[in-house]
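The structure appears below as structure tokens.
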Amino acid sequence: MMDFRENTFRLSSDRNFGKAALMVGFVGLAGCIAGFAIDRDHFFFSYLTAYAFWLTIGLGGLFFTMLHHLTNATWSVVLRRFSENVMMVLLFLAILFIPIIAGIGNLYHWSHHEIVAGDPVLKEKSLYLNTGFFIIRAVIYVGIWLFLARGLYKTSLAQDKGYAESQTERMKKLSAPGMLLFAFTVTFAAFDWLMSLDAHWYSTAFGVYIFSGSLLSALAFITLVTILLRQKGYLADLITLEHYHDLGKLLFAFTVFWGYIAFAQYFLIWYANIPEETIWYRVRWLGYRPLTLLIVFGHFVIPFVVLISRGAKRNLTVMKIMAVWLLFMHWVDLYWVVMPSHSDRPLVGLWIDIAAMLGIGGLTLWFFWRRMASQPLVPVNDPRLTASAQLISD
Amino acid sequence: MRMAKKETKMQVILAQFDGAEALLDAARGVRDAGYRKFDCHSPYPIHGMNSAMGVTRSYLGFIVGTVAAIGLLGAFYMQYWMSAVDYKVIISGKPFNSFQAFLPVVFALTVLLSAFAAFIGSMMLNRLPRHNHPLFSSANFERVTDDGFFISVESGDPKYELKKTRELLQSLGGVNVEVLET
Amino acid sequence: MNIKAPDAPNKSEQPLIAGNLTFHDVTEKISGVVESGTPRLWYALISITGLLSLMFFIMLGHLFFTGIGIWGLQIPVGWGFDITNFVFWVGIGHAGTLISAILFLLRQRWRTSINRFAEAMTIFAVICAGIFPAIHVGRPWLLFYVFPVPNQMSIWPNFRSPLLWDFFAVGTYFTCSLLFWYLGMVPDLATIRNRAKNRIKKIIYGIFALGWRGGNRQWRHYELAYLLLAGISTPLVLSVHSVVSTDFSVSILPGWHSTIFPPYFVAGAIFSGFAMVLTLAIIARKVFKLDNYITLNHLDKMNKIILVTGLMVSYSYVVEFFMAWYSGNLYERFTFWSRATGPYAWAFWIMFFCNVVVPQIFWSKRFRAHIAVMFVASILINVGMWFERYVIIVSSLSQDFLPSSWQYFKPTIYDIGMLIGSFGIFLTLFLLFVRFLPMVAMSEVKAVLPQANVHHQGPEAIELETGNVRG
């Protein structure tokens, strides 16, 4: 029987990583400020891309946590605290949404009255696409996410102090309607923040598309963090090869799911060939062809081929590389969604994109790391923790 | 006592065991005694039996993977050849080689061929159908699909010796030991 | 033989199979249904369903001689009950594959009690589904044109047509489901073979049992084949209804052309399929006294899946309606507004009530365990899902871009008769199945009984830790 006291599974007090992340974050922020001064429009698009990247990881963590509670899963108990910490970055990212509000005028052409006045389609939509309502909706989305994340996290930490059956029940009770709220908020946030960059274009699957990338990147992030900690000697006997095998299966499954949704969306638009819809892909094919091909192969074909084999899922080096690769591809995917609304060619002003990624990423990781260090790395009082550690995957 | 080499007649020693755990232990015993041509029969697959018996994981996956790859390429080539080479017809202004539109059929045929490979492959690896096995002459063995756990050792095994093998099975806890022939 | 005392792996969880059964109890109970005399009720039921099937075939004969004009089809509504029934039945099938394949991959061991007859349901539903597109072509004797076979015109099938994809997808789906179902049944057929008293029975079941001996050298290939079939059935089941959805969504018709259609159709299919499994499971449980096998726990889980997929369907409705408005497209907006308020509003609100409102009762734990409530709900959901396809197909077609050709679709007696008749065929096949084949997967149920749990102790334990050798 393993000993799960509260103090057993903690990161050591050395917080070098957190400090390093914070430093990187500040360097990135400095770059952002320079970018803002030099090319304001581009800065906001870079910022939105980077923000969407880290936000979707946090949202994926929220989803995975709720899924864990709802399915009563045993195998993922050892991963629960990781996924909870991932979801808690939403707390921090809520603040980082403010620059996007400041940049509405630069990002969204529907926010300019003179453009809307001359555009009958936008005029039809102005009831929904207007600055005031946009901000109100954003507050609602973020509010719901914070409510869910905080509620789940608080109960989870209370469990570390002492187990009670009611805690498990409460987390389940919160997760069930939470899923529903999550589905709608993520969908509409995707519509508002990303799809409306091209306000004429619409796709009903767009919310599911963003969600699929979100969960995939969150899983990749959790895989990466646990493997890195394992290399430092943490939790090697709790998060075993069997868990990585299962994580690998999930990465594989959601690679396929992402590919399925991405292909379905493209395919139906390609086939029906309606000009106002195909333009979205046409722009991305004419100017962004290398990126489009990179996404097809890098986001789907390569992870599919690699992760299909059992050996790869049980090989931590391969898993680590795939996790990094999938996170990178997730960023490329979002870049590919966002940037064509700003420039005809990719990789213009790439340094601002990188600065924004480092800025938001560094600060987010610092925040994430502080969470990790302040609590045990696993839910020490979860009655299924031992069973989870003894998982046998097939 | 007889040394079985290449005989037309096959002989099998069958012993019954008391439950899955006993069968696992006995399987290890038979494995450690150096036998290769033996099998453990149970009403349901038992976890850990492969390593207890010293057999490898099934390589059916490679068969299915190969067939799937053939199906994938074959299905694509078929559609390409029919639509863009042999008889071109313009349909809804789409290119002759509309590879996007071929994917649903590519996928379906890949899956179809893989399913056949998995089914037929497993049957071939299992040497089924086979209705004339010596084991079927044992009335007791009918319980294998109900609640019986058995080990059978075939005369084709180099270490097979009627008396010794029987004693081994008995020493491992086997009861109702029978010698069966076709 | 003495079976070791049950040693539950995890005492906090409810056992999957109730009643502390031994392996032998399982064999007796499930094989008993096949071996014992035919209940009178069975004869009564099969006479009814047989008559309904007969009605179907008579109408089919009339259709062949007269043409599809006997249905209520009128341009612009070229697809009516026929394609509605097709999509409905294919959808029903999906739950079977979900239970047998996806839940298997997810290690949801509770599936073992229901997977066999859910798979059977899949196969019969796909048979019913396949009939409709085959006869809706008008000249079914020319159906072989869908096969890429050389013919005197030396022309090939149109691989750019979703209708052709349908043929390949549904054909593959049927074949894979059949193989999966049959492979899973081989050990159980061997059980019935070994127990058969009657020689003819022994030979017939024996032939189909393929000489199964239950040896581990067979199990290891068998298990991997099962796993692989589950692995390939999982994307297959997602693809089939996605392909079915492309019949509509690749078009430019408002209300049909929507990118969420593939996942939305899949969710709807699983939703209706689970409702059908639930209906059949409740009946089978009652009639054959399978309470220990299909426990309230199983029903609770199925109801949860119904709730989840029901919410996915509701989500799609919301997103579709929103997007119709958001598109700013006049035709899109009209189509959706008309669905809710126009000539087909009655169908729309039946659909809305059955698919959105009814599953909400399953938020309550009490209703998830209430047999009568869930029975009624499962039937309502199936009604709702039939109407969903009806609303999508008929309302969009009857009011398309050209108002002068708008036409209200009125079904004829043949439309309704063939819909009911297809239920007759489905239920007849199902009754034959429960009578002659083991309706619960015995070998799988035995593997989830507590006494089947083997504690790893020997050298394997170490091998397992290092992950080198897998049992």
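Because the structure is a prediction, the values reported are computed rather than measured. Naming: A, B, ... by sequence-line order, numbering from 1 per chain.
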> Contact part of B/Val111 toward chain C, heavy-atom cut-off under 4.5 Å: side chain, backbone, both or neither?
Replying inline: both
>> Check whether B/Phe38 forms a cation-pi arrangement with C/Arg217 (NZ or CZ under 6.0 Å from the six-membered ring centre, at most 45° off the ring normal).
In response: yes
> If you look at every heavy atom in C/Cys176 and B/Leu112, which pair is closest and at what distance?
Replying inline: SG-CA, 4.4 Å
>> I'd like to know whether C/Trp212 forms a side chain to side chain contact (heavy atoms under 4.5 Å, CB included) with B/Asn126, so could you lay out the CA-CA distance, the side-chain angles of the two residues, the decisive distance to 0.1 Å, and finally the verdict.
In response: CA-CA 9 Å; C/Trp212 179 258; B/Asn126 281 342; 4.2 Å; yes
> Do the side chain of C/Trp165 and the main chain of B/Ala108 share a donor and acceptor less than 3.5 angstrom apart?
Replying inline: no
> chain B heavy atoms under 4.5 Å from C/Pro187: which part of the residue, side chain, backbone, both or neither?
Replying inline: backbone
>> Let's test your reading of the structure: which of C/Asn216, C/Ile207, C/Thr27 forms the most heavy-atom pairs below 4.5 Å with chain B?
In response: C/Asn216
>> Can you tell me how the ring of C/Tyr182 sits relative to the ring of B/Phe119, calling it parallel under 30°, perpendicular over 60° and tilted otherwise?
In response: tilted
> Between C/Leu236, C/Leu210, C/Val26, which shows the greatest number of heavy-atom pairs under 4.5 Å with chain B?
Replying inline: C/Leu210
>> Taking side chain as everything from C-beta outward and backbone as N, CA, C, O, which of these in C/Ser233 sits under 4.5 Å from a heavy atom of chain B? Side chain, backbone, both or neither.
In response: neither
>> At a 4.5 Å cut-off on heavy atoms, which part of C/Pro162 comes close to chain B: side chain, backbone, both, or neither?
In response: neither
> Top residue by heavy-atom pair count (under 4.5 Å) with chain C, among B/Pro45, B/Cys40, B/Ala27?
Replying inline: B/Pro45
> Does C/Trp219 use its side chain to pair, donor to acceptor, with the backbone of B/Met49 at less than 3.5 Å?
Replying inline: no
> Do you know which of B/Pro129, B/Gly121, B/Ser98, B/Ser152 has the most heavy-atom pairs with chain C at a distance under 4.5 angstrom?
Replying inline: B/Pro129
>> Please check: side-chain N/O of B/His133 versus main-chain N/O of C/Gly211, any donor-acceptor pairing under 3.5 Å?
In response: no
> Which region of C/Leu228, side chain (C-beta onward) or backbone (N, CA, C, O), has a non-hydrogen atom less than 4.5 Å from a non-hydrogen atom of chain B, or is it both or neither?
Replying inline: side chain
> Taking every heavy-atom pair that is under 4.5 Å apart, which of C/Ser239, C/Gly214, C/Ser443 has the most such pairs with chain B?
Replying inline: C/Gly214
> Between C/Arg220 (side chain) and B/Thr56 (backbone), is there a donor-acceptor pair under 3.5 Å?
Replying inline: yes
> Between atom OG of B/Ser92 and atom CG of C/Asn158, what is the distance when rounded to the nearest 0.5 Å?
Replying inline: 7.5 Å
>> Tell me the closest heavy-atom pair linking B/His131 and C/Gly206, and the distance in Å.
In response: CE1-O, 2.9 Å
>> Would the distance check show the side chain of C/Arg160 and the main-chain N or O of B/Ile90 forming a donor-acceptor pair, the cut-off being under 3.5 Å?
In response: no
> Within a reach of under 6.0 Å around CZ of B/Arg127, are more than 12 heavy atoms found that belong to other residues, nucleotides or ligands?
Replying inline: no
> Most heavy-atom pairs under 4.5 angstrom with chain B, which of C/His24, C/Gln218, C/Arg213?
Replying inline: C/Arg213
>> Report which part of B/Ile91 has an atom under 4.5 Å of a heavy atom belonging to chain C: side chain, backbone, both, or neither.
In response: both
> Can you name the closest pair of heavy atoms from B/Ala118 and C/Ala225 and give their distance?
Replying inline: O-CB, 3.7 Å
>> Is there a side chain to side chain contact (heavy atoms under 4.5 Å, CB included) between B/Asp147 and C/Lys446? Walk through the geometry before answering.
In response: CA-CA 9 Å; B/Asp147 57 1; C/Lys446 286 172 190 169; over 6 Å; no
>> Give the interface residues of residues 242-252 of chain C toward chain B, defined by a heavy-atom separation under 4.5 Å.
In response: C/Val243
> Which one of C/Thr175, C/Ile155, C/Leu229 has the most heavy-atom pairs closer than 4.5 Å to chain B?
Replying inline: C/Ile155
> Highest number of heavy-atom pairs under 4.5 Å with chain B: which of C/Arg195, C/Arg193, C/Glu28?
Replying inline: C/Arg193
> Quick one: does B/Phe141's side chain get under 4.5 Å of C/Asn194's, heavy atoms only?
Replying inline: no
> Just by modelled atom types, is the B/Thr145 backbone N or O under 3.5 Å from a matching donor or acceptor in the C/Thr191 side chain?
Replying inline: yes
> Taking atom OH of B/Tyr80 as the centre, does the number of heavy atoms from other residues, nucleotides or ligands within less than 6.0 Å exceed 12?
Replying inline: no
> Under 6.0 Å from the NZ atom of C/Lys202, do we count more than 12 heavy atoms belonging to anything else shown?
Replying inline: yes
>> Other residues, nucleotides and ligands only: do more than 12 of their heavy atoms fall within 6.0 Å of CZ on B/Phe99?
In response: no
> Taking side chain as C-beta onward, heavy atoms only, is B/Pro104 less than 4.5 Å from C/Phe168?
Replying inline: no
> If you count heavy-atom pairs under 4.5 Å between each of B/Asp86, B/Ile63, B/Val64 and chain C, which one has the most?
Replying inline: B/Asp86
> For the atom pair NE2 (C/His221) and CG (B/Leu128), what is the distance rounded to the nearest 0.5 Å?
Replying inline: 10.0 Å
> Which value, rounded to the nearest 0.5 Å, describes the distance between B/Met78 atom CE and C/Trp156 atom CH2?
Replying inline: 9.0 Å
>> Parallel, tilted or perpendicular: which one describes the rings of C/Phe159 and B/Phe102, with boundaries at 30° and 60°?
In response: perpendicular
